[in-house]
Amino acid sequence: MTSAPVQEVAPATRRDAKLVQRHAEWKPGVLPFLLPFLLLAGFGLWSFKPNPTPLGWTLSVVWSLPGIGVMVGLQGALLIRRRLRKSHEMVPPTPVDEDFLIVLVPTIGRHDTYPALERSVLSYVEHLPPYFPLMRVDVLTEEGCEAAEQIDDLAAMNPLIRVVTVPKAYETANGTRFKARANHYAHELRIDEGEALDDIWVLHMDDDTGVGPDTAASMAQFVNRQRRAGAEGKHMAQGILAYPRENAVNRFTWLADAVRPADDIARFRALTGLGTPVAGVHGELLLLRASIEATIGWDFGPKAIVEDAQLALTFCRTYPGRSDWFNGRCYGASPATTRDFVKQRERWAWGLVALCFNRTVPFRYRWFLLLCVATWVFGPLQHVATVLFVAWLIGDFNTSPVAQTVVIMWAINFAYVIWTYWEGLRLNALVSANGRRRWWEPVVVLALIPVFSVMEGLGGLRGLIKFIKREENKFVVIAKPA
């Protein structure tokens, strides 16, 4: 008996075909890490002078602190390169004929967030059906939201779109608020409607994040692979969040966000892809079996503002080794202003610091996140400018570590930072209309890394301060560029 021929889905347009081809040809670069490492290591070893002073000991610790996370990130990039070398052995993406897909899109429903919501939802009904003939898009809104009428009109445009409204009076058992409360309502609704099944997948998306033909193909390839795996199949998967140039209203914040897709192909690829997402997951392009989500839910309590990360740590404990990563992208938009950029990071840091000290999660699942968050929130204190200022105050500009071997770790860490911005910019340009970086963008990104580090660190430090002051939790939703 011969098997049926594989029926691949042809891209609908020439632009889609070019996009798919560009993604197929991409792999993480090695030279953008190797060259800075060699230069930094060479200079560090040449200029090294033993520094057993308090400054030398402090720098030896704080500038080496990112080392574990950096090693994990490099492992993730190498895993992608290894998988791509074996891509010819994988079954090509084909339509998912048996599993059902529910795209869940929570939105606060403000007028300033609606244009991005419309862009995103229309991308789902355009690109997903060829690979997921059995699907539905649930737009999750709050009762009485500003843009309710516009959202209803959007749903009327396509029978695949359904509006799910969370009643104002709805409360969870643990008093969860914000986005997690809405997610938990949708989770309970799926249980009531008999959709908490193994062959139903929930794709969690943000209301400003769209998809493309490559997203659908990669997801379909993953879902079909889990059906073939049977009882050994994975239950969760995550892809890459990228930022097309066309979605950006602020070129400065777009360049600053180059670091985010690089993190997806590094730390998240390594940890989520190897089955234990202890670094957390994103709230977008998160694919989860409905039956598994039904056993976890989103009722994490009133202080939860990084519900996606808490879900990931709970998943680690309950379903170890059952997550994966797929090489598909979703398409978001960077914050419209520098202020919004810092506010976004502040909320993430605020919630992640609280999660790091949440004793309901076993420490063995929190320690890596704690290490990464500590490196982030204390970033301004580790900044080169801060160190040079302290050196000036004490009249000693010897910033060498206590031992020469530490210089190698520093070179790895700093070269990794350069690689993340270089490779992240490459990914964001790849998903843009022309698929290329403009000649000046790599130069500007590298030159502005110290500035971007201040922005990231400032948001992290402000989040830490709010946690220490025990301020009332707020889920700040910034304006979403269309």
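Since we're looking at a predicted model, the values are computed, not measured.
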- Message: Any side-chain to backbone donor/acceptor pair from Thr107 onto Gly109? Under 3.5 Å, distance only.
- Response: yes
- Taking all non-hydrogen atoms of both residues into account, name the closest pair between Ala349 and Gly459 and its distance. CB-O, 4.1 Å
- Item | Donor-acceptor side-chain pairing of Tyr243 and Ser432 below 3.5 angstrom | no
- Regarding Asn224 and Thr94, is there a side-chain donor-to-acceptor distance under 3.5 Å anywhere? yes
- Task: Determine, stepwise, if the pair Arg245 / Glu441 fulfils salt bridge (Lys or Arg N to Asp or Glu O under 4.0 Å).
- Result: CA-CA 11 Å; Arg245 192 183 287 107; Glu441 289 174 344; 3.0 Å; yes
- Query: Which pairs pass salt bridge (Lys or Arg N to Asp or Glu O under 4.0 Å) with one or both residues in residues 218-242, sequence neighbours excluded?
  - Reply: Glu98-Arg227, Asp99-Arg227, Arg225-Asp324
- Query: Would you call Arg181 and Glu142 a salt bridge, taking side-chain N to carboxylate O under 4.0 Å as the test?
  - Reply: yes
- Task: Scan residues 264-296 for pairs that pass ring-ring contact (aromatic ring centres under 6.0 Å, His included), counting only residues two or more places apart or in two chains.
- Result: Phe268-His282
- All side-chain contact (heavy atoms from CB on, under 4.5 Å) counterparts of Ser453, not counting sequence neighbours: His383, Ile449
- Item | Ile102/Ile200 under side-chain contact (heavy atoms from CB on, under 4.5 Å): CA gap, chis, key distance, verdict | CA-CA 7 Å; Ile102 299 173; Ile200 293 182; 3.8 Å; yes
- Evaluate side-chain contact (heavy atoms from CB on, under 4.5 Å) for Lys179 paired with Glu307, printing each intermediate quantity in order. CA-CA 8 Å; Lys179 180 181 174 182; Glu307 66 292 327; 3.4 Å; yes
- The complete set of salt bridge (Lys or Arg N to Asp or Glu O under 4.0 Å) pairs with one or both residues in residues 259-286, sequence neighbours excluded, reads Asp263-Arg267
- Closest non-hydrogen atom pair, Pro277 against Leu313: O-CD2, 4.1 Å
- Query: Can you list every pair that meets salt bridge (Lys or Arg N to Asp or Glu O under 4.0 Å) and has a residue in residues 146-165, with sequence neighbours left out?
  - Reply: Asp138-Arg162, Arg162-Glu193
- Message: Leu84 vs Asn327, test: side-chain contact (heavy atoms from CB on, under 4.5 Å). Steps then yes/no.
- Response: CA-CA 9 Å; Leu84 291 177; Asn327 191 17; 3.8 Å; yes
- Smallest heavy-atom separation, Ile305 atom then Gly351 atom, equals CG1-CA, 3.5 Å
- Query: More than 12 foreign heavy atoms under 6.0 Å from CZ of Arg317: is that the case here?
  - Reply: yes
- Applying side-chain hydrogen bond (donor to acceptor under 3.5 Å, both in side chains), name anything that partners Trp298, two or more places apart in sequence or on another chain. Glu293
Extract all donor-acceptor atom pairs below 3.5 Å that involve side chains of residues 121-130 and protein atoms in other chains or at least two apart in sequence.
from	atom 1	to	atom 2	distance (Å)
Ser123	OG	Ser120	O	2.5
Ser123	OG	Val211	N	3.0
Tyr124	OH	Thr209	O	2.5

- Kindly say whether the aromatic ring centers of Phe132 and Phe100 come within a distance under 6.0 Å. no
- Do Asp299 and Thr176 have side-chain atoms, one donor and one acceptor, less than 3.5 Å apart? yes
- Do Thr172 and Asn174 have side-chain atoms, one donor and one acceptor, less than 3.5 Å apart? no
- Smallest heavy-atom separation, Gly297 atom then Leu311 atom, equals O-CD1, 3.8 Å
- Note on the structure: In terms of heavy-atom contacts, Ala155 and Ile161 come closest through CA-CG2, 3.6 Å
- Any sub-3.5 Å donor-acceptor pair from Gln226's side-chain atoms to Phe222's backbone N or O? yes
- Query: Going by atom types alone, do Trp26 and Glu423 pair a side-chain donor with an acceptor below 3.5 Å?
  - Reply: yes
- Item | Sequence-distant partners of Tyr114, ring pair (Phe, Tyr, Trp, His ring centres under 6.0 Å), two or more places apart | none
- Message: Among residues at least two apart in sequence or on other chains, which ones pass ring pair (Phe, Tyr, Trp, His ring centres under 6.0 Å) with Tyr331?
- Response: none
- Enter the distance from Arg347:CZ to Gln344:CD here, rounded to the nearest 0.5 Å. 7.0 Å
- Kindly say whether Gly29 contributes a backbone atom to a donor-acceptor pair with the side chain of Trp419 at under 3.5 angstrom? yes
- Closest approach of Gly283 to Asp206 (non-hydrogen atoms, all atoms of both residues): O-OD1, 3.8 Å
- Task: Please identify each residue that fulfils side-chain hydrogen bond (donor to acceptor under 3.5 Å, both in side chains) with Tyr416, with sequence neighbours left out.
- Result: none
- Task: Indicate yes or no: at least one non-hydrogen side-chain atom of Met236 is less than 4.5 angstrom from one of Val281.
- Result: yes
- Query: What residue pairs, at least two apart or across chains, pass salt bridge (Lys or Arg N to Asp or Glu O under 4.0 Å) with a residue in residues 353-378?
  - Reply: none
- Task: Verify, without hydrogens or angle tests, whether Thr420 (side chain) and Ala262 (backbone) share a donor-acceptor contact under 3.5 angstrom.
- Result: no
- For atom CZ of Arg339, decide whether the heavy atoms of other residues, nucleotides or ligands shown that lie under 6.0 angstrom number more than 12. no
- Query: So does Glu143 have more than 12 non-hydrogen atoms from other groups sitting under 6.0 Å from CD?
  - Reply: yes
- Task: Output yes when Arg190 and Glu195 qualify as a salt bridge under the 4.0 Å nitrogen-oxygen rule, no when they do not.
- Result: no
- Message: Would you say that His184 contacts Phe300 through its side chain, given a criterion of any heavy-atom pair below 4.5 Å between the two side chains?
- Response: no
- Using ring pair (Phe, Tyr, Trp, His ring centres under 6.0 Å) as the criterion, list what pairs up with Phe363, not counting sequence neighbours. none
- Query: Are Ser291 and Asp198 close enough, and set up right, to give a side-chain hydrogen bond (donor to acceptor under 3.5 Å, both in side chains), and what steps lead you there?
  - Reply: CA-CA 5 Å; Ser291 58; Asp198 287 347; 2.5 Å; yes
- Message: Let me confirm one number: the CG-CG distance from Leu101 to Leu134, rounded to the nearest 0.5 Å.
- Response: 9.5 Å
- Under 3.5 Å side-chain donor-acceptor pair for Gln150 and His111: yes
